[in-house]
Number of protein chains: 2
Amino acid sequence: MSEQLSIGQVAERTGLSVHALRFYEREGLFANPVRRDAGGRRVFSEDDVDWLTLCTLLRASGMPLPAVRRYTELVREGDGNWRQRIELLRAQEQRVLTQMQQLEKSLDLIRFKLGVYADLMNGETVDNDVMADVSVNKQP
Amino acid sequence: MSEQLSIGQVAERTGLSVHALRFYEREGLFANPVRRDAGGRRVFSEDDVDWLTLCTLLRASGMPLPAVRRYTELVREGDGNWRQRIELLRAQEQRVLTQMQQLEKSLDLIRFKLGVYADLMNGETVDNDVMADVSVNKQP
DNA sequence: CCTTGACCTAGAGACGACTCTAGGACCTAC
DNA sequence: GTAGGTCCTAGAGTCGTCTCTAGGTCAAGG
């Protein structure tokens with residue numbers, strides 16, 4: 001059982017900094033309370049690493065820490081609050097979908113502009129930079 | 001010609017706050033210098049609104065203000081620096097693609113978890129919440 | 001012993017992108 | 001002539017998410 005991990009090891013495994021891990025603990029973002037050894041040092045398990053991996057994924061989807069905390073609390077509470085968890089996750093799912101649509105739009109714009117510049121480099125002319133940009137909005 | 005817009009009108013049209021617009025001017029994010037009327041008030045044009053719309057789209061794709069400023073500078077400089085503009089936009093294109101992949105991953109996780117909770121509500125059992133989460137990583 | 005290195009706490013600092021405040025000018029309408 | 005509305009500047013404050021500092025404990029190695 002290598003189920004005894006130091007904060008440094010967890011930092012290495014999760015990509016979070018040691019500082020961030022202590023911060024996360026203060027913020028109540030661990031599903032299980034963090035144990036301590038005789039000297040007061042934090043002792044983590046592989047489960048903690050897994051949980052942090054999950055949190056990191058949620059964070060990467062733009063979920064703010066308070067929402068992650070709310071979710072953590074639901075998990076800590078134990079079984080029976082699935083409806084709330086589902087609600088929370090569905091809300092995040094929506095936010096992710098919205099974000100993805102927004103990114104598509106931005107991507108379209110960027111690629112349109114890249115096309116414009118490619119044309120310009122081939123000697124063609126466009127009278128106004130801003131107009132060139134904006135036409136992507138006007139004819140989507 | 002309704003080419004004379006006040007800061008309040010621009011705020012309304014772009015969704016940016018009046019404060020943000022003044023901030024953007026200080027930060028050099030306008031392609032053309034902002035004109036003033038006799039009383040020192042800012043006078044904007046539709047072109048400014050279009051430019052801001054473009055900036056907002058870029059910002060929405062996660063481009064930080066300094067990058068938008070660099071881009072603005074290139075545009076202000078005039079024709080001939082397309083290679084640099086292309087480079088800048090390509091870099092952003094890459095960042096957007098990376099973000100989208102990340103969002104896909106997060107979305108997979110969220111949906112997986114939603115499935116788990118749906119099952120749980122139908123009476124099936126899963127021994128450990130964290131394990132349920134993590135399996136999505138282990139068997140993608 | 002003394003150093004090194006990993007860890008501890010409480011709290012300050014950084015950074016991005018605004019957002020707001022204080023104090024004031026100007027114009028129009030009552 | 002004063003109230004209301006929009007605008008101005010300079011600069012302070014906010015929020016989220018860390019990141020770093022100061023000052024200290026503890027264990028192992030030379």
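Just so it is clear: chains get the letters A, B, ... in the order the sequence lines come, proteins before strands, and each one is counted from 1.
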Next item on the list: Return no unless some side-chain N or O of R26(A) is found under 4.0 Å from OP1 or OP2 of dC8(C).
Entry: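 It does not, given that no N or O in the side chain of R26(A) lies less than 4.0 Å from OP1 or OP2 of dC8(C).
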Item checked: Distance below 4.0 Å between Y24(A) side-chain N/O and dT17(D) OP1 or OP2 ->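 So the side chain of Y24(A) is outside the cut-off, no N or O lying under 4.0 Å from OP1 or OP2 of dT17(D).
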Consider the side chain of [X], meaning its heavy atoms from C-beta on, and name the nucleotide among [options] that approaches it most closely.
| X | options | result |
| --- | --- | --- |
| S6(A) | dT17(D), dC7(C), dC7(D) | dC7(C) |
| H19(A) | dC18(C), dC18(D), dT19(D) | dT19(D) |
| R36(A) | dT19(D), dT9(C), dC18(C) | dT9(C) |
| P64(B) | dT17(D), dC8(C), dA17(C) | dA17(C) |

Let me know the distance between [atom1] of [X] and [atom2] of [N], rounded to the nearest Å.
| X | N | atom1 | atom2 | result |
| --- | --- | --- | --- | --- |
| R41(B) | dT9(D) | CZ | P | 11 Å |
| L16(B) | dC18(C) | CG | C1' | 11 Å |
| E12(B) | dT6(D) | CD | P | 10 Å |
| F23(A) | dT9(C) | CZ | P | 15 Å |
| L29(B) | dA17(C) | CG | P | 10 Å |
| L65(B) | dC15(C) | CG | C1' | 12 Å |
| L21(A) | dT9(C) | CG | C1' | 16 Å |
| R22(B) | dC18(C) | CZ | P | 15 Å |

Check: Do you know the tightest heavy-atom contact between V34(A) and V43(A)?
Finding: CG1-O, 4.1 Å
Checklist line | Distance-minimising heavy-atom pair for Q92(A) and G62(A) | finding: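 So the minimum-distance heavy-atom pair works out to NE2-C, 3.9 Å.
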Notebook entry, point to check: Are the side chain of S106(B) and the backbone N or O of A60(A) linked by a donor-acceptor pair below 3.5 Å?
Noted result: no
Note to self: If we check side-chain hydrogen bond (donor to acceptor under 3.5 Å, both in side chains) with N81(B), which of these qualifies: Q84(B), R85(B), R83(B)?
What the structure shows: R85(B)
Check: Checking all strands, does G39(A) fall into the base, sugar-phosphate, or nothing category for heavy-atom contacts under 4.0 angstrom?
Finding: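 Nothing, no heavy atom under 4.0 Å.
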Check: In degrees rounded to 10°, what angle is found between the helical axes fit to the five outermost pairs at each end of the helix from dC1(C)-dG30(D) to dC30(C)-dG1(D)?
Finding: 20°
Margin query: Once you measure the plane-to-plane angle for F44(B) and F30(B), does it fall in the parallel (<30°), tilted (30-60°) or perpendicular (>60°) bin?
Written below: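 F44(B) vs F30(B) ring planes: tilted.
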Notebook entry, point to check: Atom CG of D79(B) and atom CE of M121(A): how far apart are they, to the nearest 0.5 Å?
Noted result: 12.5 Å
Item checked: Of all pairs that satisfy salt bridge (Lys or Arg N to Asp or Glu O under 4.0 Å), the ones with a partner from residues 23-36 of chain A, not counting sequence neighbours ->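 Every pair satisfying salt bridge (Lys or Arg N to Asp or Glu O under 4.0 Å) with a residue in residues 23-36 of chain A: E25(A)-R36(A), E25(A)-R42(A), E27(A)-R69(A).
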